[in-house]
Amino acid sequence: MAKEISGWTCDYNHNVTFFYNLVGKKISEEWTTRDSVVIGLGLTVCLIVVLANMLVMVAIFMNQRFHFPIYYLLGNMAAADLFAGIAYVNLMLNTGPWTSMLTKEQWYIRGALIDISLTASVANLLAVAVERHQSIFTMRLHSTMSKRRVVLVIVCIWAVAIIMGLVPSTIWNCECDLNDCSTVAPLYSRRFLVFWAVLNLLTFFIMVAMYTRIFIYVRYKSGYASQHTSEMRHSQAVVNLMKTISMVLGAFVICWTPGLMTLLLDGLLGKDSHANSYEKFCLVIAECNSLVNPIIYSLRDDEMRMTFKSILCCLCRRNAGQQRERSPVETFSPEPKETLVCVQKSEDRTACMERNNKEDSWTMQGL
């Protein structure tokens with residue numbers, strides 16, 4: 001079916017294989033060693049991403065101390081990263097020789113899921129950076145942002161992500177301009193890839209500017225605190241924050257720069273960029289950012305680590321209890337020593353509750 005749109009002739013009868021042949025991107029007829037390695041590695045990373053981010057979301061839901069704006073944003077980022085893991089599983093299961101079996105609608109859905117998930121992850125990183133910037137410069141551990149505003153921010157993040165995911169399949173593809181087809185994503189417009197890559201790089205530079213300002217501020221505060229013994233704890237918290245910021249920026253650069261540069265070069269140079277020879281490896285590296293995020297933002301928080309241990313220990317005790325119920329020998333065995341340990345640990349709960357009731361201070365490690 002041919003259609004005339006603003007001087008462009010759009011022929012929607014072409015299938016996915018036509019566009020791949022047009023840009024010279026070969027669809028494998030059988031699985032190659034490289035495809036098997038990339039898919040195996042990708043599925044492994046996706047599994048870890050899904051489990052790690054589910055653990056983060058459960059921890060934030062269970063622990064009352066995490067019911068603050070920053071942790072709501074971290075929970076939303078974990079949801080975006082979990083969605084990214086699912087989107088990449090869908091990609092891995094619809095690639096290689098299976099690509100030729102996809103309809104154009106299925107191909108667009110495959111790409112849209114990735115665009116939505118990765119855009120949401122980047123937007124969440126920016127939202128966390130803004131929240132940290134606001135909190136630190138007002139000398140607060142947690143911002144005064146209301147829950148309604150946090151919900152509004154989260155809705156906006158997903159709205160932008162969904163719009164960015166739908167743009168290529170609706171209004172900005174190369175079906176009406178075959179000379180503009182990408183070699184990495186044959187149905188995508190090269191101009192869209194340039195736009196998407198530049199937009200993400202611009203977001204990165206904004207984050208760098210914000211964190212650079214935070215660096216300057218915390219360095220000044222660290223120098224001031226070193227002259228006052230009463231503020232040494234504050235200084236230690238500042239140092240921990242600087243380490244977290246360094247890890248965030250480093251992970252973002254390492255995971256995103258290869259993929260963004262690949263898209264940018266493909267959009268600018270087309271076939272001359274030879275992007276197809278390394279784009280799959282860049283895709284796996286970019287997905288690793290969804291795994292690194294919960295490690296950086298969550299595991300550096302002592303309270304988050306304790307919650308993780310509590311959840312995992314609860315699961316282990318539940319499994320052990322089910323095994324004892326199935327074993328008649330263990331049913332009549334004396335109470336294990338672990339029970340005594342749990343009783344001893346319960347004596348510390350009063351101290352924990354007293355600590356939880358204290359006002360949040362800068363001495364808390366992590367974010």
Side-chain angles (χ1 to χ4, degrees), residues 43-86 89 121 124 128 141-142 233 236-237 240-241 243-244 247-248 251 287-361 363-367:
L43 289 176
T44 302
V45 173
C46 290
L47 177 62
I48 299 175
V49 165
V50 171
L51 295 177
N53 286 283
M54 284 182 61
L55 185 62
V56 173
M57 296 172 64
V58 171
I60 293 175
F61 175 78
M62 291 181 58
N63 196 327
Q64 292 288 336
R65 288 179 61 83
F66 297 148
H67 293 183
F68 292 98
I70 178 61
Y71 289 107
Y72 293 147
L73 293 175
L74 293 182
N76 186 51
M77 186 172 67
D81 291 335
L82 187 150
F83 186 81
I86 297 175
V89 169
S121 295
N124 269 289
V128 170
L141 180 61
H142 299 294
R233 292 185 176 180
Q236 183 61 40
N240 292 332
L241 179 60
K243 292 180 180 180
T244 302
M247 294 174 66
V248 171
E287 173 61 13
C288 289
N289 189 59
S290 297
L291 175 60
V292 174
N293 287 340
I295 297 176
I296 295 176
Y297 283 100
S298 301
L299 296 184
R300 283 187 56 82
D301 190 317
D302 290 338
E303 190 72 23
M304 185 70 76
R305 277 200 299 273
M306 292 173 61
T307 307
F308 285 168
K309 292 179 181 179
S310 176
I311 295 173
L312 296 176
C313 289
C314 180
L315 293 175
C316 293
R317 287 195 297 267
R318 180 176 300 177
N319 293 334
Q322 292 177 353
Q323 292 177 0
R324 284 196 296 269
E325 290 178 358
R326 296 174 182 175
S327 176
V329 176
E330 293 182 358
T331 302
F332 298 98
S333 62
E335 186 171 324
K337 295 181 179 179
E338 291 181 2
T339 306
L340 299 177
V341 177
C342 293
V343 172
Q344 293 175 357
K345 288 185 177 180
S346 64
E347 297 177 356
D348 298 332
R349 292 180 181 175
T350 304
C352 291
M353 294 180 63
E354 293 178 356
R355 176 173 59 84
N356 292 344
N357 293 329
K358 290 182 179 180
E359 185 179 0
D360 291 326
S361 64
T363 58
M364 181 178 180
Q365 293 184 358
L367 293 172

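Keep in mind the model is a prediction, meaning the values are calculated, not measured.
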* **Point-to-point distance, once rounded to the nearest 0.5 Å, from CG of L82 to CG of L51** => 9.0 Å

* To do: Looking only at non-hydrogen atoms, find the nearest pair between Y72 and H67 and report the distance.
  => OH-CB, 3.2 Å

* Structure fact -> dist L291:CG -> N53:CG (nearest 0.5 Å) comes out at 8.0 Å

* Nearest heavy-atom neighbours spanning D81 and S290 -> OD1-OG, 3.3 Å

* Between Y71 and M304, is any pair of side-chain heavy atoms under 4.5 Å apart? -> yes

* Might you work through the side-chain contact (heavy atoms from CB on, under 4.5 Å) test for F61 and V58, ending with a clear yes or no? => CA-CA 5 Å; F61 175 78; V58 171; 5.7 Å; no

* Can you measure from CZ (F83) to CG (N76) and round to the nearest 0.5 angstrom? => 12.0 Å

* **Where M57 and A78 come nearest, the two heavy atoms and their spacing** => CG-CB, 3.7 Å

* Structure fact -> Closest non-hydrogen atoms of A251 and N289, given as atom of the first, atom of the second and distance, are O-OD1, 4.0 Å

* I311 side chain near L55 side chain, heavy-atom distance below 4.5 Å -> yes

* Which atoms form the tightest heavy-atom contact between I60 and F66, and what is the distance? -> CA-CD1, 3.8 Å

